[in-house]
Amino acid sequence: NPEDHPAKMTSEWGEKSTADLMSRYVSKEMGYEVPKEGWRICLAHEFKEKRKPFQAKDVSLSNVLEHVGLGIRYLKWWYKKTQVEKKAPFIDMFRAQPLRQIYGAPLGGIGGGTITRGWRGEFCRWQLNPGMYHYKTVTANQFTVCLRRGGQTVYQQVLSVERPPTLQGWNWGYCGEYAFYHALYPRAWTVYHLPGQNVTLTCRQVSPVIPHDYQDSSLPVAVFVWDIENKNDYALDVSIMFTMVNGSGHKDDKSGGHWNEPFHLEKEGEAVSGVLLHHCTTVNPYTLCIAAREQPDREVSHQTAFSPKGTCSSLWSDLITDGRLDSPTGSSPPTPKGEKVGAALAVGCSVPAQSRNTLEFCLAWDMPKITFGSREREHIRRYTRYFGTKGDASPSLSHYALTHYKQWENFVRVLAFSAYDCSPQHSLPSWYKSALFNELYFVADGGTVWTELSEDADVSGGVRSENGGLPAQPAVVKEYGRFAYLEGQEYRMYNTYDVHFYASFALIMLWPKLALSVQYDIAGSVVQQDPTERLHLMSGRYSPVKSKNVVPHDIGDPDDEPWQRVNAYLIHDTADWKDLNLKFVLQVYRDVHLTQDNQYLRDMWPVCQAVMESELKFDLDGDGLIENSGYADQTYDGWTVTGPSAYCGGLWLASLCVMCKMARLVESEESYQRYRDLLDRGSAAFDKLLWNGKYYNYDSSGRDLSNSVMSDQCAGHWFLRASGLGDGEYQTALKSIFDLNVMSFAGGQMGAVNGMRPEGVPDRSSVQSDEVWIGVVYGLAATMIHEGMWEEGMRSAEGCYRTVWERLGMAFQTPEAYCEKGIYRSLAYMRPLSVWAMQLALNTSQKSQTPSAETGDIDTART
């Protein structure tokens with residue numbers, strides 16, 4: 001019986017699932033200092049299950065009939081956007097990305113652009129232009145190893161399992177069964193056992209994504225450390241060559257005018273040298289840089305320019321002859337239109353018999369000034385505060401990275417140890433340790449931008465504090481900059497707020513100043529309005545882009561002008577959504593609780609009052625409880641909800657509770673009494689209308705499906721618990737969710753389905769009710785852990801992790817949703833960062849929870 005001991009059921013299928021990824025690895029070599037924790041896969045692995053993205057054709061007939069108008073309006077809008085304006089739609093229902101089961105950990109810090117490497121080593125996903133992705137594998141971007149003995153090359157191999165149709169002069173087709181990849185973000189390791197050579201290479205990839213660090217974490221760099229183990233009884237000379245094309249696989253690689261030059265930089269007693277690849281586009285030009293650290297007994301050599309087409313044999317021969325490259329001086333001529341250019345860097349060392357040696361490379365990219373799609377304004381990236389805006393920072397960036405990466409690794413190790421040590425009475429399962437760190441990839445690779453606040457910027461659009469607005473340049477934004485990340489790589493809206501509610505735990509716990517900066521931007525947008533009328537695709541009605549005193553859905557599209565023009569989302573008019581205002585209030589209090597920042601509380605209090613005032617209009621019958629309006633008016637934007645509901649009603653009561661708490665903190669007794677009265681009346685109505693003895697009904701409309709079990713019904717309570725509040729117990733509702741949504745769905749091995757009927761079949765009334773939302777399940781698991789249901793919480797989350805990372809091949813592109821069979825939706829999505837809410841729950845469940853005496857019994861008991 002799964003209810004007796006869910007954890008016992010866990011271990012067997014889980015261990016098999018993990019082992020499966022390594023089943024084709026034939027070597028015994030486990031590499032140099034590769035940690036136990038993380039996601040590990042043999043380079044010869046193939047995922048058996050191939051899923052398809054959700055597209056318009058996947059909508060069931062009943063849902064099609066309900067949404068005919070939306071379909072026609074979307075099609076017209078899509079045609080105008082793509083064919084007339086030649087822009088990318090913020091959500092493309094007709095051209096979803098196909099699933100490529102190839103991605104590994106991205107390179108680079110936060111907000112300076114990212115380059116993702118696949119787990120087989122390819123350079124395959126690019127986000128150098130802010131927020132805009134393209135998915136091209138650049139074949140010539142490779143590492144190649146050359147082994148020499150007694151002055152003769154005995155082995156030379158591209159470290160790639162591919163056999164491409166180009167560059168046939170190179171030795172391709174490394175046997176993947178002799179290598180594995182291991183990721184524990186922000187680091188990753190690839191171990192290559194060289195067949196027949198008795199040599200093992202471990203390539204360690206390090207990016208500067210460092211919690212509580214706001215300087216190095218912004219740097220657009222990555223370091224590759226190669227540990228070479230020679231198990232032979234004789235010495236070897238070993239060279240590694242790093243080849244890189246000037247560009248990113250985009251058509252502008254052939255636009256002409258790009259050029260390369262070698263460089264050498266010596267400072268503070270350390271020297272680096274390499275090649276700069278100047279990519280001279282008219283919009284957002286940048287310089288790529290491949291560099292190596294010069295050390296005694298290391299030989300660094302380069303090839304400034306090679307043409308990455310044809311057989312490319314001359315570069316191969318150059319290396320094979322003597323294990324080094326020709327190293328010409330001077331820069332290459334600008335490329336003619338239609339031609340590409342690459343550069344190569346080789347580093348060699350001697351490795352004595354039965355010994356080990358190390359080579360270090362760096363990849364950096366410098367795009368200091370950026371414009372978004374509208375080209376209206378120039379923005380300055382955060383890292384320029386330390387490395388300047390001239391576009392000449394690549395040598396200094398690589399010098400800094402190569403001399404500081406060991407410190408970065410120490411910081412990351414310390415964080416990992418403290419995270420794993422948070423639960424003395426339970427040893428944390430290994431899949432959880434992988435999920436916790438590997439899901440963090442999205443903080444950097446969510447199309448992320450981190451910019452300096454310009455001198456003339458005014459976050460509140462001119463509405464000052466005394467009028468319920470904000471300072472023009474709040475200290476935290478001025479000091480720590482502006483931060484934005486996408487809802488998803490395919491759902492291209494920045495800081496989508498109903499989703500950020502879940503993901504924000506990663507920021508508030510690891511980069512709290514960035515979390516607060518986002519909040520100031522959102523608050524500044526709350527007090528502004530944009531009365532421009534536009535057509536909303538679901539209703540077919542025209543309404544303003546942004547109403548005053550409501551939280552925006554998002555702060556804009558990177559293909560337009562974010563911060564300047566908000567609400568890129570135009571499916572619904574979100575001014576009438578029920579969750580956005582409440583999610584702002586709940587985040588404000590949680591942030592105050594975790595940071596103890598009183599200035600932030602004072603700045604946010606009037607904004608919280610304004611959005612609660614706006615929200616109150618949704619309580620139509622005056623019983624203290626808001627009602628939903630009979631359409632999908634919250635984050636589940638395809639799942640209709642009518643009247644008082646579990647999700648929005650729970651968020652409303654939790655918001656009233658934290659308003660009481662904040663009223664006391666700002667010493668406003670009148671506000672306290674007002675919210676307290678609403679809370680008392682609303683709680684009574686909530687229980688009366690929605691509690692059925694086992695869980696809260698989905699809504700109180702009395703429709704056939706209004707008694708569905710929603711996995712996210714306790715979201716408000718979750719935030720109270722995360723904020724040190726909430727003294728009612730929700731175990732009965734959580735147990736119902738666990739029994740039905742988790743254990744009665746897909747054999748209890750795929751997480752919690754959003755909606756489940758009490759008889760144990762998924763609710764198929766909408767396109768979203770029978771989906772699993774990974775970020776929601778991590779939040780649900782956190783709630784269970786807060787309530788002492790450790791095993792149930794871990795089991796619920798484990799199903800999602802194993803489905804995404806081990807079964808479906810969606811590593812480093814965790815989607816918003818998947819169904820039990822066949823389809824998934826929206827790859828590389830923001831919400832799964834909520835796994836950090838589980839970590840907060842583990843941390844706080846160690847400390848005794850002290851309910852707030854002042855707000856009294858704010859939750860009705862559910863035990």
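FYI, the numbering just counts along the sequence from 1.
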Within the 3.5 Å criterion, strictly below it, is a donor on [X] or [Y] matched to an acceptor on the partner's side chain?
X	Y	value
D498	W577	no
T496	E487	yes
Q634	K578	no
D554	H500	no
D216	Y383	no
T635	D579	no
R825	Y491	yes

I need the [X] [atom1] to [Y] [atom2] distance, nearest 0.5 Å.
X	Y	atom1	atom2	answer
Y480	L514	OH	CG	9.5 Å
S218	W511	OG	CH2	12.0 Å
S248	K136	OG	NZ	9.5 Å
T595	I508	OG1	CD1	5.5 Å

Please walk me through it: do H250 and H134 pass ring-ring contact (aromatic ring centres under 6.0 Å, His included)? CA-CA 8 Å; H250 196 268; H134 82 162; 4.9 Å; yes

Under 6.0 Å from the ring centre and within 45 degrees of the ring axis: does the NZ or CZ of R590 meet both conditions for the six-membered ring of F719?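 R590 over F719 ring: no.
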
Cation-pi check, R125 to Y103: give yes when NZ or CZ is under 6.0 Å from the six-membered ring centre and within 45° of the ring axis, no otherwise.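 Ring-cation test returns yes.
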
Could you check K87, K81, R492, R565 and say which one makes a salt bridge (Lys or Arg N to Asp or Glu O under 4.0 Å) with D557?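 Going through the options one by one, the only one that passes is R492.
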
